[in-house]
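Single-structure report; data block below.
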Protein chains: 2
Amino acid sequence: MQVAERAGVSLASTSRALHGTGASSKMVDRVRAAAAELGYSPDAIGRSLRMKRTFQVAFAVADIGNPVYVEMLTAIHEVLAPHGYRVVVMSTGHTVGSTVDLVRSLGSGFVDGLIVSPLRTDDALVEAIRQAPVPVVVIGRSLEQQGIDSVSTDSAAGLGHAVAHLVEIGRRRIGFVNGPLDTTPGAARQRGFDAATSGPDFAGDHAETERADDFTVAAGLAAARRLLSRTPAAGPFDAVVAANDLLAIGVIRAARELGLSVPGDLAVTGMDDTEIGRVFQPSLTSVSLGSAERGTAAARLVLDRVDDVAEPAQQIAIGPRLFVRESTAKEMSAR
Amino acid sequence: MQVAERAGVSLASTSRALHGTGASSKMVDRVRAAAAELGYSPDAIGRSLRMKRTFQVAFAVADIGNPVYVEMLTAIHEVLAPHGYRVVVMSTGHTVGSTVDLVRSLGSGFVDGLIVSPLRTDDALVEAIRQAPVPVVVIGRSLEQQGIDSVSTDSAAGLGHAVAHLVEIGRRRIGFVNGPLDTTPGAARQRGFDAATSGPDFAGDHAETERADDFTVAAGLAAARRLLSRTPAAGPFDAVVAANDLLAIGVIRAARELGLSVPGDLAVTGMDDTEIGRVFQPSLTSVSLGSAERGTAAARLVLDRVDDVAEPAQQIAIGPRLFVRESTAKEMSAR
DNA sequence: CCCATCACCGGAAACGTTTCCAGTGATCGC
DNA sequence: GCGATCACTGGAAACGTTTCCGGTGATGGG
């Protein structure tokens, strides 16, 4: 190494001087000076090879463009960067199989840990995660019984909050626009809606689900058209719960097409509390699932695991919170 | 290495067999089988150390949450992943100094290339980029004379398109809500607006700029309130050009506060053609600066540079394109 | 049948760092 | 003044891979 020669000392001393332990101050000065003159910075690869640390953590999701994941990514980056960790973004692909491949690829040791939010889960994936050679934290479903670190949120309960709020402001005939049921979030939200609208606690008159092909505005628009074209015996819908903010915007579009005012004729709620919903007109009442908090918690957890090795797997839950905005204002049209 | 032992061959043969060159088919089968049994995948660090390739590219921006950068990131990832490259996200920080630090940190060799979109640029940064030990591609300003690879867009011309469109639909008194002037985009857009509204080609009656503190909805709202509270001698504003989509949404909010209809009383244009603008009500006429295309081009360029070493620096320009939507529909209110 | 060519394999070096281990010089206490 | 302790330094090994180089066996041509 050039710095050692230049400073006239051994490689060992150079390393100690730069790393800061067990070197005399004279030595430190000398090496620092030489390093500064040469514009030297230690090679990350050599260092990684020796230390068995890459100082990198991967974050993997199906779709990096999704605002929810962007928020997580930002939060994760904010936690990890000050600790000297870099963030590698990866794609899980849309199938369970490709996610399993991703987890297996951790064997090549290019990261010290993984934070992953799989759209779909199965036993093979759980097994792969448990076998993984580096710590893996799952954002999404709680995997308690499986002994896997996870950061989850109770989106089913979140749906309950939305329904309760709508009932409280006097809505009685509530539609639900959900996304695909074969995704983890889709399934959970359906459970939440069904639980909230069945049973004796539900004070409304009617509840009905329509499924969109996708969690997008366009799919929400199409689904809402179908839903709103029907009129239940109890009377026309006066509220729609959407499984995410983009779907909710699609619902509002459909309402406008049909000449319904929001929130006058139709109150609409979203989920995820995204920027896009906050700035929309009308601004969107939405259930926050704490994307940023989940990212932060996952990042902290993975940091813990990278240092301390084996503790019992931890399941962190972030409570959903309802943010009431214009799209569910109290006043109702007389109809 | 365990695989070599298991297969009963040398490390060298193992490597050749897995890498695929100069090994007999019998050897390949044997090694593959052993590798499969052991679930072996080659260590990325050891490989990197030897090959002097990390198979990683960094993407650095000030704010990963910005939709424009998210689009770029997605595009970059899509180009790089099939070539076996990983994407590391980094933050430039908000000052030139921290960006320079970032570029210098490339010396530790943790990536094979960098794609960076600096908010602000100065000579020190240009110098640092030129000295960088790995290829650097700049997204943003064209740095032709500096001999630096860059992918740029002519946002000044884009502003011209917006103004021309507004004039064409009969608007005459045009306001401009810009962001901070000390950023590269802010300065370029100001130049564009000034060029488009001065000189004999401008068929409007009045042009005036108001500056927002930031490229956000809130800042746009505040700036638009200030702008619209003034009434030029030529008459009230009938159009506002905003320097990006978020500012434009702020402008629409301000207009609504003041009882102005959009586009009836006031036509509004944005810039960046973001999802948020597309789904807004009214949907936003916006100048696309081709974020995804720029990301794609930058990623391709960095791939070229990683393989072929030295070619003359390249400057790629992506032309801006205007997408006309509801916020600048033709009909005007009679006033 | 012998020599030259060729395909293939194993040994070993190299990449750049950290850390263990031993050794040297100095300092301190007795 | 001498021995022991101590702070510090240098040598060397190790991390896991790729690739150069030399060698060996087979094959083909003369």
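All values below come from the heavy atoms of this structure, side chains included, with hydrogens, waters and symmetry mates left out. Order of the sequence lines sets the chain letters (A, B, ...), proteins ahead of strands, with each chain counted from 1.
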- When every nucleotide of nucleotides 19-25 of chain D is labelled 5' to 3' by its protein contacts under 4.0 Å (heavy atoms), B for base, S for sugar-phosphate only, - for none, what sequence of letters results? BB-----
- Query: Is the shortest side-chain N/O distance from A:K52 to OP1 or OP2 of D:dG16 below 4.0 Å?
  - Reply: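 Indeed, a polar side-chain atom of A:K52 lies that close.
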- Task: Compare side-chain N and O positions of A:Y40 against OP1 and OP2 of C:dT17 and report whether any pair is under 4.0 Å apart.
- Result: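 Indeed, a polar side-chain atom of A:Y40 lies that close.
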- Item | Within residues 66-123 of chain A or reaching into it, pairs that qualify as ring pair (Phe, Tyr, Trp, His ring centres under 6.0 Å) - sequence neighbours excluded |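 Residue pairs passing ring pair (Phe, Tyr, Trp, His ring centres under 6.0 Å), neighbours aside: A:F55-A:Y85.
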All N/O donor-acceptor pairs, side-chain side in residues 25-32 of chain A, below 3.5 Å, sequence neighbours left out:
{"unit_1": "A:R30", "atom_1": "NE", "unit_2": "A:A7", "atom_2": "O", "d": "3.0"}
{"unit_1": "A:R30", "atom_1": "NH2", "unit_2": "A:A7", "atom_2": "O", "d": "3.2"}

- Task: Provide, to the nearest angstrom, the distance between the CZ atom belonging to A:R53 and the C1' atom belonging to C:dT19.
- Result: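 Rounding to the nearest Å, CZ of A:R53 and C1' of C:dT19 are 15 Å apart.
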- Task: Measure the distance from CZ on A:F110 to P on D:dG16 and round it to the nearest whole Å.
- Result: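 Atom-to-atom, A:F110 to D:dG16, this comes out as 17 Å.
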- Query: What bend angle does the helix from C:dC1-D:dG30 to C:dC30-D:dG1 show across its length, from five-pair end axes and to the nearest 10 degrees?
  - Reply: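 Roughly 40° between the end axes, to the nearest 10°.
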- Task: Measure from the side chain of A:S10, starting at C-beta and using heavy atoms only, and say which of D:dT17, D:dG16, D:dG10 lies closest.
- Result: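 So the side chain of A:S10 is nearest to D:dG10.
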- Taking the side chain of B:R47 as its heavy atoms from C-beta onward, which of D:dT17, D:dG16, C:dT17 lies nearest to it?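 Between D:dT17, D:dG16, C:dT17, the one nearest the side chain of B:R47 would be D:dT17.
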- Message: Both B:G22 and B:L49 contact DNA chain C. Which one's nearest nucleotide lies toward the 5' end?
- Response: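 Its nucleotide being nearer the 5' end, the pick is B:G22.
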Test side chain to side chain donor-acceptor pair (under 3.5 Å) applied to [X] - qualifying residues, sequence neighbours left out:
| X | result |
| --- | --- |
| A:E78 | none |
| A:T274 | A:D245 |
| B:T184 | none |
| B:R120 | B:D182 |

If I compare all heavy atoms of [X] with all of [Y], which pair ends up nearest, and what's the gap?
| X | Y | answer |
| --- | --- | --- |
| A:P118 | A:L125 | CB-CD2, 4.0 Å |
| B:G113 | B:V134 | CA-CG2, 4.0 Å |
| B:L106 | B:A132 | CD1-CB, 4.3 Å |

- Item | Test side chain to side chain contact (heavy atoms under 4.5 Å, CB included) applied to B:V70 and A:I64, step by step | CA-CA 8 Å; B:V70 172; A:I64 320 170; 5.6 Å; no
- Task: Please list all pairs passing the side-chain hydrogen bond (donor to acceptor under 3.5 Å, both in side chains) test where one or both residues lie in residues 43-55 of chain B, with sequence neighbours left out.
- Result: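 Listed by first then second residue: B:T54-B:D112.
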- Task: Have a look at A:L114 and tell me which of A:V136, A:V57, A:I129 forms a side chain to side chain contact (heavy atoms under 4.5 Å, CB included) with it.
- Result: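 Answer to the side chain to side chain contact (heavy atoms under 4.5 Å, CB included) test with A:L114 among A:V136, A:V57, A:I129: A:V136.
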- Item | Strand-adjacent residues in residues 23-32 of chain A, judged by heavy atoms under 4.0 Å from DNA chain C |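 DNA chain C contact set from residues 23-32 of chain A: none.
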- Listed partners of A:D272 passing salt bridge (Lys or Arg N to Asp or Glu O under 4.0 Å), at least two apart: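 A:D272: no salt bridge (Lys or Arg N to Asp or Glu O under 4.0 Å) contacts found.
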Between the protein and nucleotides 4-6 of chain D, are there any N/O to N/O pairs under 3.5 Å, and if so, what are the atom names and distances?
none

